[in-house]
S.K.: 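Got a structure for you, written out below as structure tokens; questions coming shortly.
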Amino acid sequence: MTPSSNDKAPWWQEAIIYQVYPRSYLDTNGDGVGDLPGITAKLDYIASLGVDIVWLSPFFKSPMKDFGYDISDYCDVDPLFGTLEDFDKLIAKAHSVGLKIMIDQVMSHTADAHPWFVESRANRDNPKSDWYVWSDPLPDGNPPNNWLSVFGGSAWQWDTRRKQYYMHNFLVSQPQLNFHNPDVQQAHLDSLRFWLERGVDGVRMDACVFHFHDRQLRSNPPALVRDTSTVTDVNPYGMQAHIHDKTQPENIAFLQKVRTLLDEFGAVSIGEVSSDDALAQMAEYTSGDDKLHMAYSFNLLTPEFSSAHIRRQVEEFNERVKDGWGSWSVGNHDAIRVATRWANGKPTPALSKLVLALQLSLKGTPCLYQGDELALTEADVPFELLQDPYGITFWPEFKGRDGCRTPMPWTSEAPNAGFTTGKPWLPVPAEHLALAESVQDQDPQSMLNFQRAIIRWRRTMPQLLRGEIAFYDVPEQALALRRDLPGHAPVLAVFNVTDQPLSFDWPQAAGAAPLDGHGLPGEVADGKVTLPAYGGWFGTLKA
């Protein structure tokens with residue numbers, strides 16, 4: 001995508017990211033798991049959505065205990081997904097249809113099967129003995145502190161070989177690397193260079209607040225307010241203030257090293273920020289044009305869907321991040337599908353259209369999740385078919401992440417909705433058949449064609465791509481905003497975030513000219529707003 005000639009904004013600030021979860025996109029060899037050739041086969045479809053960057057969740061060699069987020073070789077493709085040759089073909093095809101490829105880098109931890117860890121745990125004096133976070137037990141045999149794992153229990157696991165504990169922020173099988181060791185940092189930079197030289201255009205940095213730990217291994221204090229933005233209320237992880245096990249100041253210098261490498265290739269980065277004060281980390285990690293290009297948090301991946309919540313997140317972000325850049329995400333592989341999460345028990349295509357239009361109207365780079373363009377709902381995966389270890393641990397109050405990871409439904413007539421000729425790794429919900437791509441592609445009013453149309457329309461509105469944002473005080477059922485860009489008429493937008501019709505006076509919109517082409521139903525006339533359930537309206541003021 002080429003920025004307007006009168007604008008110096010970096011291209012990625014006008015881009016749209018589309019996340020592909022490879023296991024669930026398309027299986028071409030019948031083993032029930034999606035693969036790289038399947039993604040390559042669907043790149044024309046992805047390009048038809050109007051997006052710019054394809055973020056691929058991990059496809060690296062892995063024992064798959066956390067489905068690829070436990071890496072045993074950073075420089076190879078897991079045979080489950082294909083080969084390096086398959087990846088090279090994917091890159092070539094993507095670039096030929098105008099798409100950029102962003103890979104997922106899971107740097108904070110490896111799989112316990114990684115050769116680095118196999119060597120590190122062998123004894124206390126091998127060359128990689130200090131590549132992971134090891135600690136002697138307390139005199140009573142307990143772990144060195146109270147740190148908890150996101151996935152349940154202590155963050156420390158006893159190892160009989162070294163007679164020490166090793167740290168793991170997630171699964172026991174995902175040991176934490178010691179980023180205080182410069183050799184660890186260099187190994188990651190070398191691995192990243194390997195992919196950049198193969199033509200990768202960007203990197204999504206998983207769990208990027210977890211790279212460093214407190215050298216003194218001090219225990220975390222109790223949380224003043226329990227964190228439920230990144231974990232559910234049944235997870236004790238949210239009961240601690242995580243000031244020592246992550247978000248350490250040394251991370252800044254490492255992110256600067258990553259940025260220097262990315263700049264060498266003209267590649268971009270986005271960081272996943274999950275912390276007690278995500279906005280503080282986003283501001284710190286994206287400021288100054290020498291660290292992350294952009295970051296996103298879980299702040300809009302929560303159950304709360306209200307105008308007040310969305311406005312608060314955006315306003316606080318703009319106030320605190322200043323010169324940094326954000327990415328707004330309402331769905332991904334870790335969150336309940338937004339079509340269900342924000343539906344108050346009544347998912348509808350109208351809601352999905354409204355949420356997308358609202359997301360595309362916020363200042364920042366939108367990040368979309370596969371299947372949301374079909375308005376897929378959260379799948380109810382029975383316990384006996386669960387794959388996610390996180391969900392198995394906290395069942396039944398938290399069912400894990402499998403419900404948003406079920407296979408893409410491509411055609412309603414084929415077995416398994418055309419995802420695989422074998423047995424899919426997760427079931428295809430029956431209710432997703434009617435939402436299949438083949439069905440929606442033929443329906444001008446479908447969510448799929450709405451997404452294509454509104455993204456095309458958004459590209460004609462530079463105010464929505466790079467303008468400043470401000471909000472209006474209107475009834476709580478609505479969210480009203482303004483996007484301003486010098487040299488262009490201000491754009492106004494108003495959204496009904498409820499399933500009931502809404503009317504109210506909006507004096508600031510008096511005299512505004514309506515905009516067509518966005519596809520939402522609604523009217524503003526003489527300062528009077530009339531919106532159906534999940535309706536919306538866009539207009540312009542005189543410049």
S.K.: Are Ser275 and Gln281 close enough that a side-chain donor and a side-chain acceptor fall under 3.5 Å?
M.R.: yes
S.K.: Rounded to the nearest 0.5 Å, what's the gap from CD1 on Ile17 to CG on Asp52? Could you check?
M.R.: 9.0 Å
S.K.: Under the side-chain hydrogen bond (donor to acceptor under 3.5 Å, both in side chains) rule, collect the residues that match up with Ser307, sequence neighbours excluded.
M.R.: none
S.K.: Using ring-ring contact (aromatic ring centres under 6.0 Å, His included) as the criterion, list what pairs up with Tyr390, not counting sequence neighbours.
M.R.: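 Tyr390 satisfies ring-ring contact (aromatic ring centres under 6.0 Å, His included) with Phe151, Phe394, Phe398 once adjacent residues are dropped.
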S.K.: Between Gly331 and Leu301, what is the shortest heavy-atom contact and its length?
M.R.: N-CD2, 3.2 Å
S.K.: Quick one: side-chain hydrogen bond (donor to acceptor under 3.5 Å, both in side chains) pairs with a partner in residues 354-368, sequence neighbours left out?
M.R.: Trp325-Thr365, Lys363-Glu468
S.K.: Does any part of the side chain of Asp499, heavy atoms only, come nearer than 4.5 Å to the side chain of Lys346, both counted from C-beta?
M.R.: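 The answer is yes, as the side chains (C-beta and beyond) meet within the 4.5 Å cut-off.
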S.K.: Okay, side chain of Asn449, backbone of Ala453: is any donor-acceptor separation there less than 3.5 Å?
M.R.: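 Judged by distance alone, no pair lies under 3.5 Å.
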S.K.: With no hydrogens and no angle check, is any side-chain donor or acceptor of Asn416 less than 3.5 Å from a backbone partner on Gly418?
M.R.: no
S.K.: Kindly write out the residues that satisfy side chain to side chain contact (heavy atoms under 4.5 Å, CB included) with Arg311, not counting sequence neighbours, or none if the list is empty.
M.R.: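 Once residues adjacent in sequence are excluded, the partners of Arg311 under the side chain to side chain contact (heavy atoms under 4.5 Å, CB included) criterion are Glu315, Phe471, Asp473, Leu479.
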S.K.: With Asn344, which residues qualify under side chain to side chain contact (heavy atoms under 4.5 Å, CB included), at least two apart?
M.R.: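 Asn344 satisfies side chain to side chain contact (heavy atoms under 4.5 Å, CB included) with no residue once adjacent residues are dropped.
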S.K.: Can you tell me how far CE of Met408 sits from CG of Leu435, rounded to the nearest 0.5 angstrom?
M.R.: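 One gets 11.0 Å once the value is rounded to the nearest 0.5 Å.
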S.K.: Using salt bridge (charged side-chain N to carboxylate O under 4.0 Å, His left out), reason through Arg341 and Glu378 one step at a time and then give a plain yes or no.
M.R.: CA-CA 8 Å; Arg341 193 175 76 245; Glu378 180 79 356; over 6 Å; no
S.K.: For Gln370 and Tyr21, indicate whether the former's side chain and the latter's backbone hold a donor-acceptor pair under 3.5 Å.
M.R.: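 Indeed, once roles are kept as given, a pair shorter than 3.5 Å links the two residues.
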S.K.: Drop me the distance from Ser446's OG to Leu374's CG, to the nearest 0.5 angstrom.
M.R.: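 Interatomic distance, Ser446 OG to Leu374 CG, rounded to 0.5 Å: 8.5 Å.
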S.K.: Taking atom OG1 of Thr377 and atom CD1 of Ile336, what is their separation to the nearest 0.5 Å?
M.R.: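 Result: 12.0 Å between the selected atoms.
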S.K.: Mark yes or no for whether Asn496, through its side chain, and Pro532, through its backbone, hold a donor-acceptor pair below 3.5 Å.
M.R.: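 Flag set: sc Asn496 to bb Pro532 pair under 3.5 Å.
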S.K.: Counting C-beta onward and ignoring hydrogens, is there a side-chain heavy-atom pair between Arg204 and Tyr296 closer than 4.5 Å?
M.R.: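 Side-chain contact under 4.5 Å: yes.
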S.K.: For Ser306 and Glu304, does a side-chain donor sit closer than 3.5 Å to a side-chain acceptor?
M.R.: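 Their side chains do contain a donor-acceptor pair, which is all the 3.5 Å distance test asks for.
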S.K.: Taking side-chain contact (heavy atoms from CB on, under 4.5 Å) as the criterion, tell me which of Val20, Val268, Leu56 meets it with Met102.
M.R.: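 Option passing the side-chain contact (heavy atoms from CB on, under 4.5 Å) with Met102: Val268.
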S.K.: Would you say the side chain of Cys208 lies within less than 4.5 Å of the side chain of Tyr285, judging by non-hydrogen atoms?
M.R.: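 Yes, at least one pair of side-chain atoms sits under 4.5 Å.
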S.K.: Kindly write out the residues that satisfy side chain to side chain contact (heavy atoms under 4.5 Å, CB included) with Leu261, not counting sequence neighbours, or none if the list is empty.
M.R.: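 Expected list: Leu189, Leu192, Arg193, Leu196, Glu264, Phe265.
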S.K.: Apply side-chain hydrogen bond (donor to acceptor under 3.5 Å, both in side chains) to the pair Gln19 and Ser57, showing each step before the final yes or no.
M.R.: CA-CA 7 Å; Gln19 181 193 357; Ser57 285; 3.0 Å; yes
S.K.: So which of Arg482, Gln463, Arg483 actually passes side-chain contact (heavy atoms from CB on, under 4.5 Å) with Pro490?
M.R.: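 That would be Arg482; it is the only one of Arg482, Gln463, Arg483 passing the side-chain contact (heavy atoms from CB on, under 4.5 Å) with Pro490.
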S.K.: Side chains of His114 and Asp70: do they bring a donor and an acceptor to under 3.5 Å?
M.R.: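 No - no donor-acceptor pair under 3.5 Å links their side chains.
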S.K.: How about Tyr69 and His333: are their ring centres within less than 6.0 Å of each other?
M.R.: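 Ring centres of His333 and Tyr69 closer than 6.0 Å.
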S.K.: So does Ala111 get a backbone contact from the side chain of Gln174, meaning a donor-acceptor N/O pair under 3.5 Å?
M.R.: no
S.K.: Counting only heavy atoms from other residues, nucleotides and ligands, does the tally under 6.0 Å from CD of Glu431 exceed 12?
M.R.: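 Correct, the count exceeds 12.
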S.K.: Mind checking whether Thr110 and Ser72 have side chains closer than 4.5 Å, heavy atoms only?
M.R.: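 No, every pair of side-chain atoms sits at 4.5 Å or beyond.
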S.K.: Does a side-chain heavy-atom distance below 4.5 Å link Leu464 with Arg459?
M.R.: no
S.K.: With no hydrogens and no angle check, is any side-chain donor or acceptor of Glu373 less than 3.5 Å from a backbone partner on Leu448?
M.R.: no
S.K.: Only one of Asp88, Asp86, Asp44 clears salt bridge (charged side-chain N to carboxylate O under 4.0 Å, His left out) with Lys93; which?
M.R.: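 One option only clears the test, and that one is Asp44.
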S.K.: For Trp195, which residues count as a ring-ring contact (aromatic ring centres under 6.0 Å, His included) partner, sequence neighbours excluded?
M.R.: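 Partners of Trp195 under the ring-ring contact (aromatic ring centres under 6.0 Å, His included) test: Phe59, Phe60, Phe87.
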S.K.: Report yes if the distance between the aromatic ring centroids of His188 and Tyr74 is under 6.0 Å, otherwise no.
M.R.: yes
S.K.: How close do Pro514 and Trp537 get, heavy atom to heavy atom, and via which atoms?
M.R.: CB-NE1, 3.7 Å
S.K.: Are any non-hydrogen side-chain atoms of His293 and Thr286 less than 4.5 angstrom apart?
M.R.: no
S.K.: Any side-chain donor-acceptor pair under 3.5 Å between Arg452 and Ser48?
M.R.: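 Short answer, yes.
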S.K.: Is it true that atom CD of Glu197 has more than 12 heavy atoms of other residues, nucleotides or ligands lying nearer than 6.0 Å?
M.R.: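 Buried by this count: over 12 neighbours within 6.0 Å.
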S.K.: What's the spacing between Thr460 OG1 and Ile455 CD1 if we round to 0.5 Å?
M.R.: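 The OG1 atom of Thr460 sits 12.5 Å away from the CD1 atom of Ile455.
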S.K.: Between Asp35 and Thr28, do the side chains contain a donor N or O and an acceptor N or O under 3.5 Å apart?
M.R.: yes
S.K.: Under 30°, 30 to 60°, or over 60°: which ring-plane class applies to Trp410 and Tyr25, parallel, tilted or perpendicular?
M.R.: perpendicular
S.K.: Quick one, Tyr45 and Val97 - any side-chain contact, counting heavy atoms below 4.5 Å?
M.R.: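 Contact flag for Tyr45/Val97 side chains = no.
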S.K.: For Arg337, give me all partners under salt bridge (charged side-chain N to carboxylate O under 4.0 Å, His left out), at least two apart in sequence or on another chain.
M.R.: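 Arg337: salt bridge (charged side-chain N to carboxylate O under 4.0 Å, His left out) contacts with Asp372.
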S.K.: Where do Ser24 and Trp425 land on the side-chain hydrogen bond (donor to acceptor under 3.5 Å, both in side chains) test, with the steps shown first?
M.R.: CA-CA 8 Å; Ser24 298; Trp425 77 287; 3.1 Å; yes
S.K.: Going by ring-ring contact (aromatic ring centres under 6.0 Å, His included), name the residues that satisfy it together with Phe538, two or more places apart in sequence or in a different chain.
M.R.: Trp457, Phe495, His518
S.K.: Please collect all salt bridge (Lys or Arg N to Asp or Glu O under 4.0 Å) contacts where either partner lies in residues 397-414, sequence neighbours excluded, each pair once.
M.R.: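 Those involving residues 397-414 are Asp66-Arg401, Asp334-Arg401, Asp334-Arg405, Asp380-Lys399, Asp388-Arg401.
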S.K.: Output all residues satisfying ring-ring contact (aromatic ring centres under 6.0 Å, His included) with Trp342, sequence neighbours left out; order by chain, then residue number.
M.R.: Phe305
S.K.: I need the Ile71 CD1 to Ser62 OG distance, nearest 0.5 Å.
M.R.: 7.0 Å
S.K.: Under a 4.5 Å cut-off applied to non-hydrogen side-chain atoms, are Arg466 and Glu14 in contact?
M.R.: yes
S.K.: Who pairs with Ala379 by side chain to side chain contact (heavy atoms under 4.5 Å, CB included), at least two apart in sequence or on another chain?
M.R.: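 Here the qualifying residues are Val381, Thr406, Pro429.
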